[in-house]
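Have a look at the structure below, then the notes.
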Amino acid sequence: MTESASSLPLYDLTARKVHQWAMVALVILAFLAGQPVAVIALTLAGLVMVGGRFWWPADIFRQLTWRVLEPAGILARREAHEDHQTRRIARVMGGGVWILAAALLVMHFYLAAWVLAFAIGIMVSLDAAADFCALCFLLVLVRR
């Protein structure tokens, strides 16, 4: 580990992964269930993303991990040094897009809603499965 990486704060990767997969599951549930469940599920996903960014107790999936799954030994806590600044921005943007997608469903703009919802869902899946933060990657390219 480089000296600069070890100077970054430690974060619970397990809680982040549970949060991300739960968000993806909500989007899939929304798509499969249809109206009105889709609007509720996308809104919930968006609110958890945005609300949890600014007030940790609002992230019910991280809370579940910290208060139940890790203490019970169901999941092992795994920590790593990370820079979360860009992920925090991506979280707010993604949550906002899911709330927008829910509003578009209410307004019967189904194609636009699902394109936006799945675009964010794919990005969250990539981060959950391969630790690939699309916004982080884009910012690196822009800075060059």
Side-chain angles (χ1 to χ4, degrees), residues 1 5-6 8-144:
M1 178 180 303
S6 64
L8 295 171
L10 274 174
Y11 289 98
D12 182 0
L13 299 183
T14 304
R16 181 173 49 127
K17 301 291 182 182
V18 169
H19 161 87
Q20 289 169 325
W21 287 120
M23 296 297 97
V24 171
L26 280 172
V27 173
I28 291 169
L29 169 71
F31 183 74
L32 295 176
Q35 297 277 29
V37 174
V39 173
I40 295 166
L42 287 175
T43 302
L44 176 63
L47 290 175
V48 167
M49 292 269 283
V50 174
R53 161 58 187 99
F54 297 104
W55 186 57
W56 280 106
D59 191 334
I60 56 177
F61 301 108
R62 286 182 199 239
Q63 294 299 324
L64 172 70
T65 305
W66 291 328
R67 298 180 190 279
V68 178
L69 302 176
E70 289 177 345
I74 296 168
L75 293 175
R77 184 179 181 96
R78 188 170 65 96
E79 294 182 338
H81 294 278
E82 289 188 325
D83 179 5
H84 269 213
Q85 190 58 33
T86 305
R87 277 195 167 93
R88 288 180 183 124
I89 295 166
R91 181 179 173 141
V92 171
M93 290 171 62
V97 169
W98 278 336
I99 292 169
L100 172 62
L104 289 170
L105 286 177
V106 170
M107 296 184 290
H108 306 286
F109 294 113
Y110 303 114
L111 181 61
W114 290 118
V115 166
L116 290 172
F118 280 122
I120 299 300
I122 289 167
M123 286 186 258
V124 172
S125 297
L126 281 171
D127 197 12
D131 290 322
F132 178 77
C133 172
L135 184 60
C136 303
F137 177 74
L138 202 111
L139 287 177
V140 167
L141 290 178
V142 167
R143 288 179 182 148
R144 286 186 181 172

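Scope of the values below: all heavy atoms of this structure, side chains included, with no hydrogens, waters or symmetry mates.
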According to side-chain hydrogen bond (donor to acceptor under 3.5 Å, both in side chains), who are the partners of [X], at least two apart in sequence or on a separate chain?
X	result
Arg78	none
Arg53	none
Gln35	none

Return the minimal non-hydrogen interatomic distance between [X] and [Y], and the atom names on each side.
X	Y	value
Ala117	Ala101	CB-CB, 4.2 Å
Val50	Gly96	CG2-N, 3.7 Å
Leu105	Ala38	CD1-CB, 3.8 Å
Ala58	Gly52	CB-N, 3.8 Å
Ala76	Thr14	O-OG1, 2.7 Å

Open item on the list: Can you pull out every salt bridge (Lys or Arg N to Asp or Glu O under 4.0 Å) where at least one residue sits in residues 100-122? Sequence neighbours excluded, please.
Closed with: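 Passing the test, one end in residues 100-122: no pairs.
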
Task: Residue pairs, two or more places apart or on separate chains, that pass salt bridge (Lys or Arg N to Asp or Glu O under 4.0 Å) and touch residues 97-106 - done: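 Found none.
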
Open item on the list: Per the ring pair (Phe, Tyr, Trp, His ring centres under 6.0 Å) rule, what does the pair list look like for residues 35-63, sequence neighbours excluded?
Closed with: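 Every ring pair (Phe, Tyr, Trp, His ring centres under 6.0 Å) pair that includes a residue of residues 35-63, provided the two are not neighbours, is Trp56-Trp66.
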
TODO: Enumerate the residue pairs fulfilling ring pair (Phe, Tyr, Trp, His ring centres under 6.0 Å) with a member in residues 101-123, sequence neighbours excluded, ordered by first and then second residue.
DONE: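 Sorted result for residues 101-123: Phe31-Trp114, Phe31-Phe118, His108-Tyr110, Trp114-Phe118.
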
Would you say that [X] contacts [Y] through its side chain, given a criterion of any heavy-atom pair below 4.5 Å between the two side chains?
X	Y	value
Leu42	Ile99	no
Arg91	Asp59	yes
Met23	Val48	yes

- [ ] Please collect all disulfide bond (SG atoms under 2.5 Å apart) contacts where either partner lies in residues 91-123, sequence neighbours excluded, each pair once.
- [x]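 Listed by first then second residue: nothing to list.
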
Interatomic spacing from [atom1] in [X] to [atom2] in [Y] - rounded to 0.5 Å:
X	Y	atom1	atom2	answer
Arg88	Thr86	CZ	OG1	10.0 Å
Met49	Leu44	CE	CG	11.5 Å
Leu13	Thr65	CG	OG1	12.0 Å

Exercise answer: donor-acceptor pairs, residues 120-129 side-chain atoms, under 3.5 Å, sequence neighbours excluded:
{"unit_1": "Ser125", "atom_1": "OG", "unit_2": "Gly121", "atom_2": "O", "d": "2.8"}
{"unit_1": "Asp127", "atom_1": "OD1", "unit_2": "Arg16", "atom_2": "NH1", "d": "3.4"}
{"unit_1": "Asp127", "atom_1": "OD1", "unit_2": "Arg87", "atom_2": "NH2", "d": "2.7"}
{"unit_1": "Asp127", "atom_1": "OD2", "unit_2": "Gln20", "atom_2": "NE2", "d": "2.8"}
{"unit_1": "Asp127", "atom_1": "OD2", "unit_2": "Arg87", "atom_2": "NE", "d": "2.9"}

- [ ] Not counting sequence neighbours, which residues clear salt bridge (Lys or Arg N to Asp or Glu O under 4.0 Å) with Arg77? List them please.
- [x]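 Here the qualifying residues are Asp12, Glu70, Glu79.
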
Output a table of donor-acceptor pairs, distance under 3.5 Å, between side-chain atoms of residues 131-144 and any protein atom two or more places apart or on a different chain; print 'none' if there are none.
{"unit_1": "Asp131", "atom_1": "OD1", "unit_2": "Lys17", "atom_2": "NZ", "d": "2.4"}

TODO: Please name all residues satisfying side chain to side chain contact (heavy atoms under 4.5 Å, CB included) with Leu111, sequence neighbours left out, ordered by chain then number.
DONE: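 Residues passing side chain to side chain contact (heavy atoms under 4.5 Å, CB included) with Leu111: Val115.
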
